[in-house]
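A short worksheet on the structure shown next.
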Amino acid sequence: MYGQPSKNISGFSLIETLVGIAMTTIICSTLFLGITQAKLYLESIRIKEKAFQELKNYTNEWKSLVASGVSNFPSDGTDGKKISLKSDSKGKSIIEGKMYKNITRATNSGQYSIYYNISTFIVWNKQNFFFNKNTDLLDTLRFNTYQIQFSIQ
């Protein structure tokens, strides 16, 4: 009876151990992929918040100029006003936005109440978000508002 193997062997076989390792690897890689996508999504939200704040300041700047009586508005051209939305640790711009404006006198503006339509927008490249490899994807945020021109007589 000494030569026969015992039927009560405790422990795991090689196949069971390899299956356990494979399942753990798949679960961990899925978890890390989810964490990476969440971080990229949060970064895109931070960039949109920065773009919103910059566009709000830009719009308020032009609203104050209109309110103070300025009526000559220079053209933005094709370049617009460049603004950094994300920078690296050295201060170099990674994602850059361009702000544009279109200010026109409102069509139903009267003789005593002159007001202007102020349309501003910012455009930036979405190339670093998620898995988009295409560099032609743009994101845009727009404001459209009116501002009365105050005159002191």
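Below, each value reflects all heavy atoms present in this structure, side chains not excepted, and no hydrogens, waters or symmetry copies.
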Quiz prompt | Ion pair R46/E43, N-O distance below 4.0 Å | solution = yes
Quiz item: Is the F121-Y58 ring centre distance short of 6.0 angstrom?
Solution: no
Quiz item: Is the backbone N or O of G34 less than 3.5 Å from a side-chain atom of Q37, with the two atoms forming a donor-acceptor pair by type?
Solution: no
Quiz item: Does the side chain of D139 reach to within under 4.5 Å of the side chain of V123, using non-hydrogen atoms?
Solution: no
Quiz item: If we only count heavy atoms from C-beta on, is the W62 to F143 side-chain gap below 4.5 Å?
Solution: no
Quiz item: Is a side-chain N or O of Q147 found less than 3.5 angstrom from the main chain of Y116, in a donor-acceptor match?
Solution: no
Self-check item: Ionic contact status for E96 with K86, cut-off 4.0 Å
Solution: no
Exercise. Go through the steps for T104 and I118 under the test side-chain contact (heavy atoms from CB on, under 4.5 Å), then give the verdict.
Key: CA-CA 7 Å; T104 56; I118 302 173; over 6 Å; no
Exercise. Evaluate the criterion side-chain contact (heavy atoms from CB on, under 4.5 Å) for residue pair K48 and W124; output intermediate values, then yes/no.
Key: CA-CA 9 Å; K48 286 180 184 179; W124 68 94; 3.7 Å; yes
Self-check item: Worked verdict on S93 versus S87 for side chain to side chain donor-acceptor pair (under 3.5 Å)
Solution: CA-CA 4 Å; S93 180; S87 301; 5.2 Å; no
Quiz item: What is the distance from atom CE of M99 to atom CG of N57, rounded to the nearest 0.5 Å?
Solution: 8.0 Å
Quiz item: So which pairs with a foot in residues 54-81 pass salt bridge (charged side-chain N to carboxylate O under 4.0 Å, His left out), sequence neighbours left out?
Solution: K50-E54, D76-K101
